[in-house]
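Bear in mind the structure is a predicted one, so any value in this text is a computation, not a measurement.
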Amino acid sequence: MGQEVHYILESKRLVWLVAVVFAVVVMFQYFEFPYGDVSSSMFSVHRAQPPSSQTNQTKTSTEIPKSTGNNTAKFVSPPSTLDNNTLKPEVNPHNLDPNFKKPAPSENKPAMSTGEPQVKELPPVQPVQERPIGDIVTLSDMHDILLYNRASVRSMKPQWPLMVDQELLAAKLQIEKAPINNNDRALYSPLYRNVSRFKRSYELMEKTLKVYVYQEGEKPIFHQPQAVLSGIYASEGWFMKHMKENKHFVTNNPKQAHLFYIPFSSRTLEEKLYVTGSRSRDNLVQHLKDYIHLIAGRYDSWNRTGGSDHFLVACHDWATDETRKSMNSCIRALCNSDVGKEHFELGKDVSLPETYVRSTQNPLRELGGKPASQRSTLAFFAGQMHGDVRPILLHYWENKDPDMKIFQKLPKSKGNRNYINYMKTSKYCICAKGYEVNSPRVVEAIFHECVPVIISDNFVPPFFEILNWESFAVFVEEKDIPNLKNILLSISNRRYRVMQQRVKRVQQHFLWHAKPVKYDIFHMILHSIWYNRVFRVDPVS
């Protein structure tokens, strides 16, 4: 009897031991295989693998969780397909100099935080990306949002069909199926996201596109480009001039138009209507709203598409906000392309190059610079202390290092020779944001064949849909200004020479000519507007 009891006890112990071992095995399996469930990990011959970045690079779908109580959806960016060769070490400026205090942000100019969250807030229906002010949206984030918007956002369906809708849809299909072509001498493939698509799209634009230019609107705010052909707002003036004079793209028949141009100057709007000291732009906004009501009452084109085939070209800092209410459905080519807080919508809006034209008779005067071997200065910046970033730049680098020529505004010289000579003889030209993200220094650097170093968080660079900016420019986050020299020195001389040669090659896309030429800035602006319209079209089925 005692042996039977002993046998039963031993059996129970064995069962408990097996149970404990099994529990331990399950626990270890659980922690070893976090990307799969426990049972699949235990009974699978191969170990579960985490998601492959290579595999995800080919995916364009995006996870959109269900709407929450605040009626917003969270956009989770897929892994980026862009290579980022820019070294961006984590640097805390306050640790380097505890006595330095960042200038207090001016009213209406909120300070940007240095956080970089992976989740961005997007409304479920409206395509505008709503994010709290302060998020840093990297270039790879912008690319992911662009892909997401391309795949999920469409403009309003036309109220009734026209032949132009089918022509746009046919163009889209041809662009998507563009044959590989990397041998065009005029287009150096490393400069582009997809040179074959760009080439095919540009060809179709030349062959197909027709633009209707509204004749309504009183001068000088409308139809008077001569007022803004020089200075930092010259892009809107030169585009208006070339568009109104163009015979190839412009049509007098609205039914044949794929796009409708609203020919106004945001700079002249500010000069003529803003009341100094009023701190109110309501009358400027109302002026544009009244204009939209005018053309909507005279033409059926606006009502047919809700304005989604209309576009504007505006370079004043205020234009992004002024056009947001009455013209937000339009394709907006804007210099102030702040994707973080200014409601700039990737995939619809176009980043307009801010160009400083010094001579209206010869916009190409002073073009070019020294070859790479004769550029003795490592980095150069000069400018007024606008905004919060430039004072930080000067705090760390003004008169601190002979290789870093960082100044406030240079003394006046004939033809601004001092400034231009520094641009022509420096390896890197620092393009630090002012009050807003945009700066004419980006195009000035390219104009003088100096590699741009862009310090402007959330700035969408010009022609972002087409150009691979990281192949010829350096992007430095604002928080990394204290480590700026180390970042630039980390770029090998061989890499620098490659980038400088690419700056010279991409230069053709940023030049104004007295008469437009193929692939110049006029055609590139028009192409980006065309391209965004093509990929948002939703024709009547």
Side-chain angles (χ1 to χ4, degrees), residues 123-128 148-177 200-217 222-223 243-244 246-264 288-314 323-333 343 345-350 465 525-541:
V125 178
Q126 297 297 328
V128 177
Y148 166 73
N149 287 350
R150 287 266 189 264
S152 60
V153 181
R154 293 288 181 269
S155 56
M156 170 185 155
K157 281 191 175 183
Q159 294 292 326
W160 58 89
L162 290 177
M163 182 60 67
V164 293
D165 302 323
Q166 296 305 316
E167 290 170 350
L168 289 171
L169 182 60
K172 177 183 177 182
L173 296 175
Q174 291 186 60
I175 295 168
E176 290 175 335
K177 297 178 180 179
R200 187 64 184 128
S201 177
Y202 192 96
E203 291 170 346
L204 289 168
M205 177 188 75
E206 289 185 312
K207 177 182 178 181
T208 308
L209 177 61
K210 293 300 176 186
V211 178
Y212 185 81
V213 180
Y214 284 113
Q215 300 303 309
E216 284 73 15
F222 293 85
H223 302 288
M243 193 77 256
K244 287 174 66 67
N246 193 277
K247 304 299 182 184
H248 177 77
F249 293 113
V250 173
T251 178
N252 293 322
N253 185 351
K255 292 185 178 180
Q256 295 178 354
H258 306 88
L259 291 167
F260 295 80
Y261 176 40
I262 302 173
F264 83 99
L288 296 178
K289 184 177 180 181
D290 291 342
Y291 183 82
I292 295 302
H293 287 164
L294 172 66
I295 62 172
R298 292 186 181 180
Y299 301 85
D300 56 16
S301 50
W302 176 276
N303 296 323
R304 191 181 84 90
T305 62
S308 60
D309 53 0
H310 289 56
F311 74 93
L312 59 95
V313 177
T323 59
R324 186 165 61 90
K325 294 182 178 179
S326 60
M327 297 180 171
N328 197 48
S329 60
C330 300
I331 301 169
R332 302 178 304 162
H343 303 279
E345 187 178 344
L346 283 160
K348 178 180 76 70
D349 297 329
V350 169
E465 312 82 4
I525 295 168
L526 188 60
H527 174 267
S528 285
I529 295 166
W530 149 266
Y531 196 75
N532 281 1
R533 175 57 183 157
V534 164
F535 278 90
R536 286 174 67 90
V537 69
D538 196 354
V540 176
S541 57

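- Rounding to the nearest 0.5 angstrom, the gap separating the CZ atom in Arg150 from the CZ atom in Phe535 is 6.5 Å.
- Across Trp160 and Arg304, no two heavy atoms sit closer than the pair O-NH1, 2.7 Å.
- By the 4.5 Å heavy-atom criterion applied to side chains, Tyr261 and Leu312 are not counted as neighbours.
- Contacts of Asn253 classified as side chain to side chain contact (heavy atoms under 4.5 Å, CB included), with partners at least two apart in sequence or in another chain: Thr251, Lys255, Gln256.
- Here NE2 of His293 is found 11.5 Å from CG of Leu288. Values are rounded to the nearest 0.5 Å.
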For this session: Just do the side-chain hydrogen bond (donor to acceptor under 3.5 Å, both in side chains) check on Tyr212 and His258 with the steps written out, would you?
Result: CA-CA 8 Å; Tyr212 185 81; His258 306 88; over 6 Å; no
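- Expressed to the nearest 0.5 Å, how far SG of Cys330 lies from CG of Asp309 amounts to 8.5 Å.
- Comment: Arg536 engages Glu345 in a salt bridge, judged by a side-chain N to carboxylate O separation of less than 4.0 angstrom.
- The aromatic ring centroids of Tyr531 and Tyr202 lie 6.0 Å or more from each other.
- The side chain to side chain contact (heavy atoms under 4.5 Å, CB included) test applied to Asn246 returns Met243, His248, Phe249, Val250, Phe522, not counting sequence neighbours.
- Distance check: Ser201 OG to Ile175 CD1 gives 3.5 Å after rounding to the nearest 0.5 Å.
- Checked against the 6.0 Å centroid threshold, Tyr214 and His310 count as a close aromatic pair.
- Closest heavy-atom contact between Ser308 and Arg533: OG-NH1, 3.5 Å.
- Other residues, nucleotides and ligands contribute only 12 or fewer heavy atoms inside 6.0 Å of the NZ atom of Lys289.
- A donor-acceptor pair under 3.5 Å links the side-chain atoms of Ser329 to the main chain of Gly306, judged by distance alone.
- Checking side-chain atoms of Tyr299 against main-chain N and O of Pro254 turns up no donor-acceptor pair under 3.5 Å.
- Checking side-chain atoms of Asp165 against main-chain N and O of Leu162 turns up a donor-acceptor pair under 3.5 Å.
- Summarising the geometry, atom CG belonging to Leu526 is positioned 5.0 Å from atom CE belonging to Met205; distances are rounded to the nearest 0.5 Å.
- The shortest side-chain heavy-atom distance between Asn149 and Lys348 does not fall under the 4.5 Å cut-off.
- In this structure, the ring of Phe260 has its center no less than 6.0 angstrom from the ring center of Phe311.
- Note: Thr305 OG1 to Lys157 NZ = 14.5 Å, rounded to the nearest 0.5 Å.
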Problem set entry | Pair Ile262-Ile292, side chain to side chain contact (heavy atoms under 4.5 Å, CB included): steps then yes or no | CA-CA 9 Å; Ile262 302 173; Ile292 295 302; 3.9 Å; yes
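- The two residues Trp302 and Ala296 make their nearest non-hydrogen contact at CD1-CB, 4.0 Å.
- Each of Val164, Ile331, Val213 was compared with Leu259 under the side chain to side chain contact (heavy atoms under 4.5 Å, CB included) criterion, and only Ile331 meets it.
- Residues satisfying the side chain to side chain contact (heavy atoms under 4.5 Å, CB included) criterion with Arg324, sequence neighbours excluded, are Asp321, Asn328, Arg332, His343.
- Within a 6.0 Å radius of CG in Asn252, other residues, nucleotides and ligands contribute 12 heavy atoms or fewer.
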